[in-house]
Amino acid sequence: MQLVHHRGIGKSLLIGLLGAIAGYVTLALTSTLVQEVWLGGVSYVDSPRRVLVLAGVFTPWCAFAGGLVGALVAGRSRWLAAAILCGLITVETTYLYTTQRVDGPLWFEAGAAAALVLAVCAATWLRGRYVA
């Protein structure tokens, strides 16, 4: 019986990881589409205020889409997928800021990352609430 229980945990971890990867790919592709293609590149220093506002509105929707895809793929392991995805967002933001690959101040980049994390969590919660 213990062996079956451990296989269930392993399967849940694998499904959660796959959900996080699917969510991250969705987030990366949609945010690239919004920020680079639609808005022509987003820079805290160089972009007009209108572009920053549009990026601030639509990029969290990209994270929402990523969280929703991750939750749909992960099924019962949706919160594990969301936690991994939020961790990836945090690690990526930290990396980009510390290596100066982004030009915004810390409050701006941290706020953007927090908005993405909240959007992922909202999508995961809504999936559990309404798509059962």
Who pairs with Arg101 by side chain to side chain donor-acceptor pair (under 3.5 Å), at least two apart in sequence or on another chain?
Tyr95, Thr99

Going by the side chain to side chain donor-acceptor pair (under 3.5 Å) test, which pairs reach into residues 45-60, not counting sequence neighbours?
Gln35-Thr59

Treating Ile, Leu, Val, Met, Phe, Trp and Tyr as nodes and any side-chain heavy-atom pair under 4.5 angstrom as an edge, say whether Ile9 and Leu14 lie in one connected cluster.
no

Ile84 and Leu17: which non-hydrogen atoms are nearest, and at how many Å?
CD1-CA, 4.1 Å

By side chain to side chain contact (heavy atoms under 4.5 Å, CB included), Thr94 pairs with (sequence neighbours left out) Thr90, Thr98

Pairs of donor and acceptor atoms involving the side chains of residues 61-83, under 3.5 Å and at least two apart or interchain, shall be tabulated with distances.
| residue | atom | partner | partner atom | Å |
| --- | --- | --- | --- | --- |
| Ser77 | OG | Ser12 | O | 3.1 |

With Ala113, which residues qualify under side chain to side chain contact (heavy atoms under 4.5 Å, CB included), at least two apart?
Ile89, Thr93

Enumerate the residue pairs fulfilling ring pair (Phe, Tyr, Trp, His ring centres under 6.0 Å) with a member in residues 96-116, sequence neighbours excluded, ordered by first and then second residue.
Tyr44-Phe108

Side-chain atoms of residues 20-29: list all donor-acceptor pairs with protein atoms under 3.5 Å, sequence neighbours left out, distances to 0.1 Å.
| residue | atom | partner | partner atom | Å |
| --- | --- | --- | --- | --- |
| Tyr24 | OH | Glu92 | OE1 | 2.9 |
| Thr26 | OG1 | Ala22 | O | 2.9 |

Rounded to the nearest 0.5 Å, what separation is found between the CG atom of Leu18 and the CG atom of Leu13?
11.0 Å

Apart from Val37 itself, which Ile, Leu, Val, Met, Phe, Trp or Tyr residues share its cluster (side-chain heavy atoms under 4.5 Å, direct or through members)?
Leu33

Is it possible for you to say whether Phe58 and Val51 belong to one hydrophobic cluster, with membership spreading through side-chain heavy-atom contacts below 4.5 Å?
yes

Spatial distance of atom CG (Leu116) from atom SG (Cys121) [nearest 0.5 Å]:
11.0 Å

Under 4.5 Å between side-chain heavy atoms, hopping through other hydrophobics if needed: is there a path connecting Leu85 to Val91?
no

Shortest non-hydrogen contact from Cys86 to Val117?
SG-CG1, 3.6 Å

Under a 4.5 Å side-chain heavy-atom rule over Ile, Leu, Val, Met, Phe, Trp and Tyr, are Trp38 and Leu52 clustered together?
yes

